[in-house]
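Letters A, B, ... are given to chains in the order of the sequence lines, protein chains preceding strands, and every chain is numbered from 1. Computed from a predicted model, the values in this text were never measured in an experiment.
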Amino acid sequence: MLHTAYRPEKEMGLRRIFTDSGHLVRPAVVLIAALGIFLIIRALVIPKAFGQYGHYRPAALMEIRQRPIVYAGQDQCVMCHDDEAKTRAAGKHAHVACEACHGPLASHANDPAAHVPKLPDVANLCRRCHEKDAAKPPGFPQVVTAEHSGGMTCNSCHQPHNPHL
Amino acid sequence: MIPGVDGFMYPNEIELQWGLLIVLYPYITGLVAGAFILASLERVFKVEAVRPTYRLALLTALAFLLVAPLPLQLHLGHPERSMEMYLTPHTSSAMAMFGFVYLWYLTVVLLLEIWLDYRVDIVRMAQSTTGFMRLVYKALTLGSENVSPAARRIDDKVGYTVTVIGIPSAFLLHGYVGFIFGSIKANPWWSTPLMPIVFLFSAMTSGIAAVLLLYMASVKVKKIPIDMRCLDTIGKYLFYTFLIDFTLEMLDLVHRTYEADESFRSLDFMVHTRLMFSQIILQILLGTLVPLALLAANQLWKFSEAKRRVMYLTAALLTMVGIFAMRWNVVIGGQLFSKSFLGYTTYKVSFAAREGLFTAVGLMILPFVIFVVLVILLPPWPERSET
């Protein structure tokens, strides 16, 4: 008895289940289509080799490298500004690099005559580090600038390269 | 001294990074999860009495879910970059993973369940309407107009399955919001494993209250008789979930007080000063104890219909205020004290700024506008009143 009897009503029932659940395929198709579009967009917009070295675009490294250098580095400054370097080395600012106060000056180092740097705005420059703030270590020199100088600029009394009085 | 700062604050703590909009984010997400849980009561747990709110709850959940990411987008300096989260997600980022939880919940759970439940109506309206609306309904049928009894039976079974999957998904959606705060170990106000559970139950509480209010409002607008059995049942569930929520929050409080770790004195001082109004008065007294008392009274004594209606309305409104205050106290409270435990700052809501009061009010109105549009597009009533 290998052959089961042919039962048309059973086949009809199965077919009905397929036709009656056919509409459920449609949201699934919409969802899969949306997923497909997302994957296509993803493939198109993600930069090539993303994640090669980490969670970033490897080409970014090359782009950063290609940007022009703006800081000369203090070895360059010292080559000409020997006096200032000596004054600074003797005082508390010995470990503050030239360009930390004077700004990036690679252009000046490359062509000193064409790019003459401006003197820093002392009134704002000094308080960037020395304004009184309870979060700073107690030994760090800090003042309430409004009360401390009475409107005079810092370099009227202090010598910026070696800031003792 | 810096105005608004008492004691010692680290420089990066003086100004709050997360403001009013970040308060709205867990609040709105919570309403979604809560409304969905209420809908699932009817579907999965066969609580027949809440049937009149089933569709209303689903539409409420959808309206709020669509608005849920907006406060975050408005908080970002570069909102367009948020899409990178989907394109190149970082698995160690809780927020990036939340994006997928959100999408899963929106597409696989909520939209599918609404579509299955409304299919008969959509097909009927695709045949009865004309013009542009006909096109909209035609598109919503997705090209299938088979609404034979057998097809409806299948829809019902699939819908049931989707709801069953939807319950843990809704738990995940809002538990996750709690996790985002609870997992910040540097902040003692947030860092507790109870946070996801507290958020979840407060979400259910606020969502149930929101649906109760919307049900009462829609009955008023449609001028249809209110189903008191339904209202009583929602009131009962609101009471249960609120009780669990309050117990969990008190457990957290008692635990913190007894443990009294190094942050306790600072946090305790904050609760008694800067958070006095929003935490003690608004959240605990007005927003929790009063509605709980009103709801409990209804469990103990029998009041007249008119009285019950007023009591439920008051309880639900206060619940909404209370849960909002809870979100406020979590998000804002967590940033008012210094991590040195030696100082406090102040949060001042700006008015017409991108993250100001104006935007927040607009964001809270928007889900209701979407809700009205959804109700017009997919009326929750006719089919129910026929049956």
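- Between Arg152(B) and Asp156(B) there is no salt bridge, since no side-chain nitrogen of the basic residue lies less than 4.0 Å from a carboxylate oxygen of the acidic one.
- At a threshold of 4.5 Å between non-hydrogen side-chain atoms, the residues Leu66(B) and Leu106(B) count as touching.
- Between chain A and the residues Thr107(B), Leu112(B), Asp155(B), the largest count of heavy-atom pairs under 4.5 Å involves Asp155(B).
- For Val29(A), no part sits under 4.5 Å from any heavy atom of chain B, backbone or side chain.
- Residues of residues 88-102 of chain B lying under 4.5 angstrom from chain A, judged on non-hydrogen atoms, are Thr88(B), Pro89(B), His90(B) in numerical order.
- Residues Leu336(B) and Leu16(B) form a side-chain contact, since some pair of their non-hydrogen atoms from C-beta on lies under 4.5 Å apart.
- A heavy-atom distance below 4.5 Å is not found between the side chains of Trp104(B) and Leu172(B).
- With respect to Lys138(B) and Glu145(B), a salt bridge is recorded, a charged nitrogen being found less than 4.0 Å from a carboxylate O.
- Looking at Asp133(A) and Pro11(B), their side chains come closer than 4.5 Å, going by heavy atoms from C-beta outward.
- Contact of Leu87(B) with chain A is made through backbone and side chain together, with heavy-atom distances under 4.5 Å.
- Side chains of Leu59(B) and Tyr118(B) form a contact here, defined as non-hydrogen atoms less than 4.5 Å apart.
- A salt bridge is defined here as a Lys NZ or Arg NE, NH1 or NH2 lying under 4.0 Å from an Asp or Glu carboxylate O, and Arg124(B) with Asp121(B) meets this definition.
- In this structure, the portion of Ile154(B) lying under 4.5 Å from any heavy atom of chain A is its side chain and not its backbone.
- With a 4.5 angstrom heavy-atom cutoff, Leu111(B) does not touch chain A via any of its atoms.
- Looking at Val144(A), there are no atoms closer than 4.5 Å to chain B (heavy atoms on both sides), in backbone or side chain.
- Neither the backbone nor the side chain of Arg153(B) comes within less than 4.5 Å of any heavy atom of chain A.
- A cation-pi contact, defined as under 6.0 Å to the ring centre and within 45° of the axis, is absent between Lys48(A) and Phe50(A).
- Contact annotation for Val108(B): only side-chain heavy atoms (C-beta onward) come within less than 4.5 Å of a heavy atom of chain A.
- Counting non-hydrogen atoms of other residues, nucleotides and ligands closer than 6.0 Å to NZ of Lys92(A) gives a total of 12 or fewer.
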